[in-house]
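Taking it in order: structure first as structure tokens, then the write-up.
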Amino acid sequence: MISGFLRCGRVKESLWYFERNPFQNVVSWTAAINGFVQNGLDLDAMKLFRRMLESDVMPNDVTFTSVVRASARLCDSGLGMSIVGLIVKFGFEHNTSVCNSLITLSLRLGEIDFAQRISNRMEKKDVVSWTAILDMHVEMGNLKEARRIFEDMPERNEVSWSAMIARYSQSGNAEEAVELFHRMVQDGYYPNRSCFASIINALANLKALQAGKNIHGHVSQVGLEKDIFISSSLIDLYSRCGEIKDARLLFDLISEKNVVCWNSMVSGYSQNGQLEKAKELFDKIPKTNTVSWNTLIAGYLENEQCDKVFEVFNQMLLSGEVPNKSSFSSIFCACATMASLEKGKNIHGKILKLGLQYDVFVGTALTDMYAKSGDIMSSKKVFSRMPEKNEISWTAMIQGLAENGFAEESLILFEEMERNNSSLIPNELILSAVLFACSHCGLVDRGLWYFNSMEKVYGVKPNSRHYTCLVDMLARSGRLSEAEKCIETMPWKPDCNTWAALLSGCNKYKDDRIAKRAAMKLWEMADENSSGYVMLSNVYASAGRWVDVLNTRKFMKEKGLKKISGCSWVEVRNQIHNFYSQDGNHSQSDEIYGILELIRSEMLAV
DNA sequence: GTAGGGTTAG
């Protein structure tokens with residue numbers, strides 16, 4: 001009777017019968033405890049376990065497996081360790097099932113060494129043990145070893161397949177996840193709901209709409225469409241493929257919504273640029289969590305609404321939600337975009353208090369923020385203290401150095417990265433930073449070598465940005481014909497920047513012939529965009545060709561093109577002060593110019 | 001009466 005109620009999720013009724021049962025033994029206690037665990041009521045399970053001990057009923061191996069599972073989900077290290085103590089006291093430390101759940105508990109608590117010690121000492125290992133051990137290797141950062149264990153396991157079941165597929169999908173290896181899924185089905189295993197959720201997740205990452213729809217059809221047929229995990233993944237799949245209406249349809253079908261599916265839907269709207277709808281939905285979430293806030297913040301960041309990023313972040317703090325590494329990395333990205341150094345420094349202080357400075361995402365965002373704000377010393381400091389660096393961290397630092405005028409140091413760092421981190425393969429962003437650095441150092445031959453090695457050595461196909469860097473590098477060093485030839489033969493349609501790079505080289509080396517051709521191209525391209533004309537008129541101006549300057553400006557006026565005025569800004573006490581090159585002067589400009597004049601006269605007097 | 005696998009942000 002009790003277990004029947006538990007299976008239906010009717011925990012209260014089952015407890016009512018349990019309390020009134022005069023013949024309680026280990027089995028009835030364990031059944032009741034497990035009822036709570038099955039229904040996610042882990043704290044209640046632990047309370048019942050304590051009552052069991054107080055009633056002098058001896059727990060057995062089954063009791064412990066349930067209790068350990070509950071304490072793993074509670075993620076309380078003190079509680080976990082006291083359970084371990086009890087297990088040893090009652091002599092179940094060699095029981096396979098207990099050890100299996102202990103491995104998972106240790107992994108949840110971040111005690112990987114402990115997990116390893118348990119697995120090494122186990123006398124007998126079953127399919128559950130091997131699945132837990134597989135997970136342990138993923139946790140240690142060794143997906144390959146996990147796969148090896150998976151392949152060598154004496155026996156596999158749908159949970160072990162599901163685990164391996166999920167791990168591939170979660171570590172950004174969606175293709176491998178899909179391949180494994182196919183093999184699983186071929187081998188005659190039937191995927192369960194967890195497996196469907198994982199494979200939909202992988203297909204969402206691949207933006208494989210048709211394949212996703214096929215799985216969706218199948219899942220509906222077998223009545224799993226309303227499973228909360230599966231439907232959340234499906235919402236994500238449709239959103240990522242731009243089918244936001246279908247995503248919403250699915251969302252509306254879910255009768256018992258949890259915070260995850262709300263977050264999925266909010267994320268869907270913001271990924272599709274519909275920030276107002278995202279905000280509207282966010283405001284309706286019955287009980288938000290950190291991810292909900294982070295989703296909204298990331299949405300505004302992605303859509304370049306930095307003021308909103310700060311606004312929502314402040315609301316998050318006011319609501320009492322504690323920001324995590326993800327929130328901070330978004331905030332620092334926003335600070336970097338705005339070059340808002342003062343704000344960034346303030347928030348940096350908060351990071352230290354929360355102990356998040358060693359996180360790779362946070363560290364990378366901080367490195368980038370300081371570099372983009374021109375504080376290269378702080379950027380270097382943060383970078384050098386990062387205990388773990390990924391390719392994005394290296395890109396931020398290499399690019400930051402190059403763009404702040406430390407091109408040589410940037411190249412030295414790139415070499416260091418190649419030397420000491422064989423697992424990091426330079427991506428297209430790093431290579432474009434490297435080319436940029438070579439160009440600014442005047443290291444043309446080295447730059448050419450990197451450019452020519454891109455495909456052969458690094459397996460990266462040069463994109464239009466790389467070609468622009470190459471043209472810029474050749475033009476800066478006066479190799480103008482080569483630069484022009486490069487534009488003509490490049491596999492991409494050259495854009496304004498590419499021609500402008502050539503033109504400014506012509507300007508520097510006074511090559512009228514090529515300049516004219518480059519200028520013509522810019523004229524042709526600049527129809528809707530004034531920047532080409534502006535650049536052209538600047539080139540004429542610096543060559544002293546004032547008639548041509550006037551003609552260009554006149555032509556721009558006739559076409560109704562307006563030069564986008566230059567703007568710079570400084571931040572004083574959390575407030576941004578803008579200065580425009582044309583109109584829209586600062587409200588205190590009289591005062592500012594007065595002080596500037598004062599400083600100037602004092603400098604002259606020295 | 002049990003253990004291992006699942007969804008959202010970065």
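Residue numbers start from 1 in every chain, and the chains themselves are labelled A, B, ... in the order their sequence lines are given, proteins ahead of strands. The shown structure was predicted, so the numbers you read here are calculated from the model rather than taken from an experiment.
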Would you classify [X] as touching base, sugar-phosphate or nothing, given that sugar-phosphate means primed atoms plus P, OP1 and OP2, and contacts are heavy atoms under 4.0 Å?
X	answer
R193(A)	base
E302(A)	nothing
V266(A)	nothing
R73(A)	nothing
D61(A)	nothing

Separation of atom [atom1] in [X] from atom [atom2] in [N], rounded to whole Å:
X	N	atom1	atom2	value
F64(A)	dA3(B)	CZ	C1'	14 Å
L203(A)	dT7(B)	CG	P	13 Å
N258(A)	dA9(B)	CG	C1'	15 Å
R167(A)	dG4(B)	CZ	P	12 Å
E155(A)	dG4(B)	CD	C1'	12 Å
K124(A)	dG4(B)	NZ	C1'	16 Å
I165(A)	dT7(B)	CD1	C1'	16 Å
F150(A)	dG4(B)	CZ	C1'	13 Å

Within residues 44-58 of chain A or reaching into it, pairs that qualify as side-chain hydrogen bond (donor to acceptor under 3.5 Å, both in side chains) - sequence neighbours excluded: E19(A)-R51(A)
side-chain hydrogen bond (donor to acceptor under 3.5 Å, both in side chains): pairs with one or both residues in residues 65-81 of chain A, sequence neighbours excluded: N34(A)-S66(A), D42(A)-R73(A)
If the condition is ring-ring contact (aromatic ring centres under 6.0 Å, His included), which residues does [X] pass it with, not counting sequence neighbours?
X	result
F328(A)	F313(A)
F196(A)	H218(A)
F383(A)	W394(A)

Ignoring backbone atoms, establish whether [X] has a side-chain N or O less than 4.0 Å from OP1 or OP2 of [N].
X	N	answer
N34(A)	dT2(B)	yes
S267(A)	dA9(B)	yes
Q271(A)	dA9(B)	yes
Q38(A)	dA3(B)	yes

Shortest side-chain distance from [X], nucleotide among [options]:
X	options	answer
V27(A)	dG1(B), dG4(B), dT8(B)	dG1(B)
S326(A)	dG4(B), dT8(B), dG10(B)	dG10(B)
V128(A)	dG4(B), dT7(B), dT2(B)	dG4(B)
T30(A)	dG1(B), dT7(B), dG4(B)	dG1(B)

Under the salt bridge (charged side-chain N to carboxylate O under 4.0 Å, His left out) test, residues paired with R183(A) that sit two or more places apart: E151(A)
Give a yes or no on whether a donor-acceptor pair under 3.5 Å exists between the nucleobase atoms of [N], that is its base, and the side chain of [X].
X	N	value
D227(A)	dG6(B)	yes
D126(A)	dG4(B)	no
N60(A)	dG1(B)	yes

Q210(A): partners by side chain to side chain donor-acceptor pair (under 3.5 Å), with sequence neighbours left out: N214(A)
Sub-4.0 Å heavy-atom contacts from [range] onto DNA chain B, ordered by number:
range	value
residues 276-298 of chain A	V291(A), N294(A), T295(A), A298(A)
residues 84-103 of chain A	S97(A), N100(A), S101(A)
residues 235-250 of chain A	D236(A), R240(A)

Distance-only polar pair, side chains of S319(A) and Q315(A), donor-acceptor under 3.5 Å: no
Inter- and intrachain pairs under ring-ring contact (aromatic ring centres under 6.0 Å, His included), touching residues 126-159 of chain A, at least two apart: F150(A)-W161(A)
Pairs involving residues 232-261 of chain A, ordered by first then second residue, that meet ring-ring contact (aromatic ring centres under 6.0 Å, His included) (sequence neighbours left out): H216(A)-Y238(A), F251(A)-W262(A)
K125(A) side chain vs T96(A) backbone, donor-acceptor pair below 3.5 Å: no
Criterion salt bridge (charged side-chain N to carboxylate O under 4.0 Å, His left out) on K226(A) and E256(A), from CA distance to verdict: CA-CA 9 Å; K226(A) 287 191 178 163; E256(A) 278 180 49; over 6 Å; no
Over all atoms of both residues, closest heavy-atom pair of S270(A) and N303(A): O-ND2, 3.3 Å
